[in-house]
Amino acid sequence: METVEDVLYVIDVEPGLIRFEDGSGTCIVDVRVPQEISDLTRVGWEMYVEAALIEDAWQVSMIGTVYT
């Protein structure tokens with residue numbers, strides 16, 4: 001199981017989707033969320049994220065500090 005536990009950067013936001021990238025640009029995490037959440041999220045934010053790739057979809061277990 002692939003996992004990530006790191007500060008990730010929001011690189012794209014679409015209705016119902018947030019795309020994160022790590023600092024090196026090697027790890028991209030697409031997370032499906034309710035549109036109410038994606039509507040509030042902004043490109044450029046940094047967030048501490050803990051997530052796992054389960055059945056080809058990233059599942060977030062924790063969002064920590066958000067830096068705007």
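When reading the values below, keep in mind they use all heavy atoms of this one structure, side chains included, and skip hydrogens, waters and symmetry mates.
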If two hydrophobic side chains count as joined below 4.5 Å and joins carry through other members, does Val7 share a cluster with Val31? no

Atom CD of Gln59 and atom CD1 of Ile54: how far apart are they, to the nearest 0.5 Å? 5.5 Å

Verify, without hydrogens or angle tests, whether Asp12 (side chain) and Arg19 (backbone) share a donor-acceptor contact under 3.5 angstrom. no

At what distance, to the nearest 0.5 angstrom, does CZ of Phe20 lie from CD1 of Ile28? 12.5 Å

According to a hydrophobic-cluster definition based on side-chain heavy atoms being under 4.5 Å apart (Ile, Leu, Val, Met, Phe, Trp, Tyr only), do Val43 and Val60 belong together? yes

If I take atom CZ from residue Arg32 and atom CD1 from residue Ile18, how far apart are they, to the nearest 0.5 angstrom? 11.5 Å

If Ile, Leu, Val, Met, Phe, Trp and Tyr residues are connected whenever their side-chain heavy atoms lie under 4.5 Å apart, and connections chain through other members, are Val33 and Val49 in the same group? yes

What are the two closest heavy atoms between Trp58 and Val4, and how far apart are they? CZ3-CG1, 4.0 Å

Scanning both residues in full, the closest heavy-atom pair of Ile63 with Met47 reads CG2-SD, 4.1 Å

Test your reading of the model: is there a side-chain donor-acceptor pair from Thr41 to the backbone of Ile37, 3.5 Å cut-off? yes

Can you check whether Val13's main-chain N or O pairs, donor with acceptor, with Ser38's side chain at less than 3.5 Å? no

Between Thr26 and Ser24, which heavy-atom pair has the shortest distance, and what is it? OG1-OG, 2.8 Å

